[in-house]
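What follows is a short report on a single structure.
In what follows, residues are counted from 1 in the order of the sequence shown.
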Amino acid sequence: TDYLFPKQYHWFSALLLDPTNPNHLWAAIGDPTGHELNGVWESRDGGNSWVRAPNFPTGRFEPRTGYIRLAMAPSDANVLYAIVRDAVSAGQTYRFMASVDRGNWWQPIINASSMAGLTGPGPGNFVQPVRLTVDATDKTRVYYTVGNVLATAQLNLTSFLASSSQTIQSTIGGVGPGSFVISEVIGDPAGGFLVTTDGGIWRYTGTAWESKNAGLQIALVNSVAPSLLTDSLMYAGTRFTGLLHYDDATNGSDGKPDW
């Protein structure tokens, strides 16, 4: 049955748009303390009506369903992932879910309880975030943060098992976000991922950190959006000064790309 959300407040925690059909949307309701509407909802008419995603955990029948983050693989829009936090047991992740058919059917990652970095506090407001993104070229590689601990996992989408996972050092060779509070994690089209923090923007290449802070006038960055084709073009949302633009074709006096 199609569902129109009541006008009263709900905790919408994630939104995905089908890149091939702007009328096809997925939204997550993820109240961290639990709610009967918690779960993933799908719309095929531009948000005019919604139905629950098949066999995805719901607050109505699984009260442990808490805060939810969604991510889509840039290289394959059929592949979706979700982190479902535990609304009952503080600091725990209830499920790590995956779909290989555009959300028509969801499967839990069977050994998610053994995946690195899924235990910790969060989410919070600008602190202890829960974030999830997928590698730009490898649809089975995910990056995530729970309670400010960064981690990565390689997933098998046939057996729905994590074949490997590990935490990522926040500082490598003296470079990296370190103890700065992470606000967002997003895949980089050049590979790896970007993080925004209260200490600026950093890129993880898979083996090392790179600073993206040249010319950045404010360090309190909430989010960043790279071009789908290149990391030479980015936009960043800051906490107090609005939207910033990065283009490495426009250089300052130091000859380096900056904001």
Test side-chain contact (heavy atoms from CB on, under 4.5 Å) on Trp202 and Ser211; report intermediate values, then the result. CA-CA 5 Å; Trp202 305 82; Ser211 171; 3.6 Å; yes
Please evaluate residues Thr20 and Arg102 with respect to the criterion side chain to side chain donor-acceptor pair (under 3.5 Å), reporting the C-alpha separation (whole Å), side-chain torsions for both, the decisive distance (0.1 Å), and the verdict. CA-CA 11 Å; Thr20 64; Arg102 250 182 178 85; 3.2 Å; yes
Walk me through whether Thr241 and Gln217 qualify under side-chain contact (heavy atoms from CB on, under 4.5 Å). CA-CA 9 Å; Thr241 58; Gln217 299 299 310; over 6 Å; no
Please assess Asn111 against Ser113 for the test side chain to side chain donor-acceptor pair (under 3.5 Å), listing each intermediate value before the final yes or no. CA-CA 5 Å; Asn111 60 340; Ser113 61; over 6 Å; no
Between Tyr67 and Trp11, does a side-chain contact (heavy atoms from CB on, under 4.5 Å) hold up when you go through it step by step? CA-CA 9 Å; Tyr67 184 81; Trp11 193 301; 3.7 Å; yes
Show the numbers, then the answer: is there a side chain to side chain donor-acceptor pair (under 3.5 Å) between Tyr143 and Asp135? CA-CA 7 Å; Tyr143 306 102; Asp135 190 87; 2.9 Å; yes
For Leu150 and Val195, what are the C-alpha separation, side-chain angles and deciding distance, and is it a side-chain contact (heavy atoms from CB on, under 4.5 Å)? CA-CA 10 Å; Leu150 287 160; Val195 298; 4.1 Å; yes
Start with the C-alpha distance between Thr145 and Arg131, add both sets of side-chain angles, then the distance that settles side chain to side chain donor-acceptor pair (under 3.5 Å), and finish with yes or no. CA-CA 5 Å; Thr145 182; Arg131 299 290 185 261; over 6 Å; no
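The shortest distance between side-chain heavy atoms of Glu42 and His24 falls below 4.5 Å. Contact check for Arg95 versus Glu62: side-chain heavy atoms found under the 4.5 Å cut-off. Using a 4.5 Å heavy-atom cutoff, the side chains of Thr152 and Phe193 are not in contact. In this structure the side chain of Phe180 never reaches within 4.5 angstrom of the side chain of Val221, judged on heavy atoms. Using a 4.5 Å cut-off on side-chain heavy atoms (C-beta onward), Leu118 and Ile83 make contact. Residues Phe61 and Glu36 form no side-chain contact, since every pair of their non-hydrogen atoms from C-beta on lies 4.5 Å or further apart. Counting heavy atoms from C-beta on, the side chains of Leu243 and Tyr235 come closer than 4.5 Å. Within the 4.5 Å cutoff, the side chain of Met234 has heavy atoms near those of the Leu194 side chain.
Across Met97 and Pro57, no two heavy atoms sit closer than the pair CE-CD, 3.7 Å. When all heavy atoms of Gly103 and Trp26 are compared, the closest pair comes out as CA-NE1, 4.2 Å. When all heavy atoms of Arg203 and Thr205 are compared, the pair lying nearest together is NH1-CG2, 3.4 Å. The minimum heavy-atom distance between Ala87 and Pro63, with the atom names listed, is CB-O, 3.7 Å. When all heavy atoms of Ile218 and Leu216 are compared, the pair lying nearest together is O-CG, 3.2 Å. Taking each heavy atom of His245 and Leu233 in turn, the nearest pair found is NE2-CD1, 3.0 Å.
Taken to the nearest 0.5 Å, the CZ atom of Arg60 stands 13.5 Å off from the OG1 atom of Thr65. With values rounded to the nearest 0.5 angstrom, Asp101 atom CG is found 8.5 Å from Leu80 atom CG. Interatomic distance, Asp76 CG to Asp138 CG, rounded to the nearest 0.5 Å: 11.0 Å. Note that CD of Gln169 and OG1 of Thr207 are 11.5 Å apart. Values are rounded to the nearest 0.5 Å. Residue Thr58 holds its OG1 atom at 11.5 Å from CD1 of Ile29, rounded to the nearest 0.5 Å. Atom CG of Asn222 and atom CD of Glu184 lie 9.5 Å apart (nearest 0.5 Å).
One hydrophobic cluster, built from ILVMFWY side chains closer than 4.5 Å, holds both Trp106 and Tyr94. Residues Leu220 and Trp259 are members of one and the same hydrophobic cluster, defined by side-chain heavy-atom contacts under 4.5 angstrom among Ile, Leu, Val, Met, Phe, Trp and Tyr. Connection of Val130 to Leu132 is established within a shared hydrophobic cluster, with ILVMFWY side chains joined at heavy-atom distances below 4.5 Å, either directly or through further cluster members. By the criterion of side-chain heavy atoms lying less than 4.5 angstrom apart, applied directly or through intervening Ile, Leu, Val, Met, Phe, Trp or Tyr residues, Ile168 is grouped together with Val175 in one hydrophobic cluster. A single hydrophobic cluster is not seen to contain both Ile68 and Phe12; linkage of ILVMFWY side chains at heavy-atom distances under 4.5 Å, directly or through other members, places them apart.
With hydrogens and angles ignored, the 3.5 Å screen pairs a side-chain donor or acceptor of Ser183 with a backbone N or O of Thr196. The backbone N or O of Ile201 sits less than 3.5 Å from a side-chain atom of Asn213, completing a donor-acceptor pair. One N or O on the side chain of Thr133 and one on the backbone of Gly187 form a donor-acceptor pair closer than 3.5 Å. Looking at Asp45, its side chain does come within 3.5 Å of a backbone N or O of Ser49 through a donor-acceptor pair. Between the side chain of Asn38 and the main chain of Asp31, a donor-acceptor pair closer than 3.5 Å is present. In this structure a side-chain-to-backbone donor-acceptor pair under 3.5 Å is present from Arg85 to Gln92. Looking at Ser99, its side chain does come within 3.5 Å of a backbone N or O of Trp105 through a donor-acceptor pair.
Judged purely by distance below 3.5 Å, without hydrogens or angles, the side chains of Thr137 and Ser75 never pair a donor atom with an acceptor atom. Side chain to side chain, Gln154 and Thr140 meet the donor-acceptor criterion of an N or O pair below 3.5 Å.
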